[in-house]
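Structure record follows, encoded as structure tokens.
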Amino acid sequence: MVAAAGSLIAALIGFLMDPIEDQSPPPLTVTDVEGVWSASDDGRLTVQADGSAELEGVTEPEVNCGQYTGRNPSTYTGPATWVFDTFPDESPGIRLDYPGPATGKTCRIYLSISISDKYGIRGFLPHDSDPSYVRGAPHPG
């Protein structure tokens, strides 16, 4: 009787744990991230399948990682490379690396990406979460 009760409890725990594991998002693929991502502040990320990218007017993540254009904060426009990565405590995404114009040090920008049936594919930069980025058509504003 005790063994049967133990087996029943183990099966119940296994059944209850299964749905929790299935709720994690599937890993991102190149087709999930490739394309043009735009933001309402005119920032744009062009992500290529070959690991290259072009950044336009993207808010710098740290000092000496952008060009001062008279706007505050400074922004970066130029070439970058990308890899799949996850910013701590955020959804999976990509990390974009580029040489800081002022110092040549490697600067990093993370694009956290979420995919949902309701909102489609959206991204945001954890260091500048407003505005969000959308892939494909120009940002709705």
Checklist line | Qualifying residues under side chain to side chain contact (heavy atoms under 4.5 Å, CB included), relative to Thr31, sequence neighbours excluded | finding: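 Side chain to side chain contact (heavy atoms under 4.5 Å, CB included) check on Thr31 returns Thr29.
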
Check: Does Gly120 offer a backbone N or O that forms a donor-acceptor pair with the side chain of Arg135 under 3.5 Å?
Finding: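 Pair absent, no side-chain N/O of Arg135 close to backbone of Gly120.
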
What side-chain donor-acceptor pairs closer than 3.5 Å can you find for residues 46-58, not counting sequence neighbours?
| unit_1 | atom_1 | unit_2 | atom_2 | d |
| --- | --- | --- | --- | --- |
| Asp50 | OD1 | Ser52 | N | 2.9 |
| Asp50 | OD1 | Ser52 | OG | 2.6 |

Notebook entry, point to check: Step by step, would you call Ile109 with Asp128 a side chain to side chain contact (heavy atoms under 4.5 Å, CB included)?
Noted result: CA-CA 10 Å; Ile109 291 177; Asp128 182 29; over 6 Å; no

Next item on the list: Measure across Tyr119 and Ser116 and return the closest heavy-atom pair with its distance rounded to 0.1 Å.
Entry: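 Shortest heavy-atom contact: N-OG, 2.9 Å.
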
Notebook entry, point to check: Taking all non-hydrogen atoms of both residues, which atom of Thr59 and which atom of His127 are closest, and how far apart?
Noted result: O-NE2, 2.8 Å

Next item on the list: Check the hydrophobic clustering (I, L, V, M, F, W, Y; side-chain heavy atoms under 4.5 Å; chains of links allowed) and say if Tyr133 and Val30 are grouped together.
Entry: yes

Notebook entry, point to check: Going by the salt bridge (Lys or Arg N to Asp or Glu O under 4.0 Å) test, which pairs reach into residues 112-121, not counting sequence neighbours?
Noted result: none

Going by atom type alone, with no hydrogens or angles, which donor-acceptor pairs under 3.5 Å involve a side-chain atom of residues 83-99 and a protein atom two or more places apart or on another chain?
| unit_1 | atom_1 | unit_2 | atom_2 | d |
| --- | --- | --- | --- | --- |
| Asp85 | OD2 | Arg95 | NH1 | 2.9 |
| Ser91 | OG | Ile113 | O | 3.1 |
| Arg95 | NE | Asp97 | OD1 | 2.9 |
| Arg95 | NE | Asp97 | OD2 | 3.2 |
| Arg95 | NH2 | Asp97 | OD2 | 3.0 |
| Asp97 | OD1 | Arg108 | NE | 3.3 |
| Tyr98 | OH | Cys65 | O | 2.6 |

Margin query: Any non-hydrogen side-chain atom of Val134 less than 4.5 Å from a side-chain atom of Ile121?
Written below: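 The answer is no, as the side chains (C-beta and beyond) never meet within the 4.5 Å cut-off.
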
Check: With a 4.5 Å heavy-atom cut-off, do Leu45 and Trp82 have their side chains touching?
Finding: no

Check: Among pairs that include at least one residue of residues 29-54, which meet ring pair (Phe, Tyr, Trp, His ring centres under 6.0 Å), considering only residues two or more places apart or in two chains?
Finding: none

Item checked: Spacing of Glu60 atom CD and Leu125 atom CG [to the nearest 0.5 Å] ->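 So the CD of Glu60 and the CG of Leu125 are separated by 12.5 Å.
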
Check: Should side-chain heavy atoms under 4.5 Å link Ile, Leu, Val, Met, Phe, Trp and Tyr, which residues sit in the same cluster as Phe124?
Finding: none

